[in-house]
Amino acid sequence: EVSTSISNLWLKNTHLSKEEIKILLACASGSALGAVYNAPFATSLFILETLRVKRSFKMLISAIFSSFF
């Protein structure tokens, strides 16, 4: 949670859109949970549930890639 908060502050100073920042933060927090519990499929679902926005292929690939690799 602390690293996500710090990352959020840092990412606001970049030229990324709000949607891209949400994807990055969701993937980072989901990947941390997946590493701790060794559950990549559940992590992918957690990331997609966390975003709760219009589902897109970009989000799906980001969630799968950050969870399994």
Side-chain angles (χ1 to χ4, degrees):
E1 291 176 0
V2 174
S3 63
T4 303
S5 298
I6 293 169
S7 299
N8 187 26
L9 293 173
W10 176 74
L11 287 170
K12 286 183 179 180
N13 296 323
T14 63
H15 299 289
L16 298 172
S17 69
K18 286 185 178 185
E19 181 181 333
E20 292 171 331
I21 290 173
K22 286 180 185 178
I23 293 172
L24 283 172
L25 292 176
C27 288
S29 62
S31 296
L33 286 173
V36 170
Y37 295 112
N38 196 20
F41 182 71
T43 302
S44 299
L45 293 177
F46 170 78
I47 292 169
L48 293 173
E49 286 178 6
T50 302
L51 292 172
R52 290 191 189 162
V53 291
K54 182 180 70 175
R55 304 280 194 252
S56 69
F57 186 69
K58 180 180 180 181
M59 288 182 199
L60 180 65
I61 294 299
S62 299
I64 291 172
F65 186 80
S66 65
S67 298
F68 287 93
F69 299 104

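These numbers were taken from a predicted model, which means no experiment stands behind them.
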By ring-ring contact (aromatic ring centres under 6.0 Å, His included) - contacts of F65 (at least two apart): F69
From N38 atom CG to T43 atom OG1, the distance as rounded to the nearest 0.5 Å: 9.0 Å
Side chains of residues 25-36: which donor-acceptor pairs under 3.5 Å do they make with residues two or more places apart or in other chains?
| from | atom 1 | to | atom 2 | distance (Å) |
| --- | --- | --- | --- | --- |
| S29 | OG | L25 | O | 3.2 |
| S29 | OG | A26 | O | 3.2 |
| S31 | OG | C27 | O | 2.7 |
| S31 | OG | S66 | O | 2.9 |

Residues at least two apart in sequence or cross-chain that pass side-chain contact (heavy atoms from CB on, under 4.5 Å) with T14, listed by chain then number, are L11, L16
Quick one: salt bridge (charged side-chain N to carboxylate O under 4.0 Å, His left out) pairs with a partner in residues 57-69, sequence neighbours left out? E20-K58
What is the minimum heavy-atom distance between M59 and L48, and which atoms define it? O-CD2, 4.1 Å
I61 with F68, same ILVMFWY side-chain cluster at under 4.5 Å: no
With S67 via side chain to side chain donor-acceptor pair (under 3.5 Å) - residues at least two apart: S44
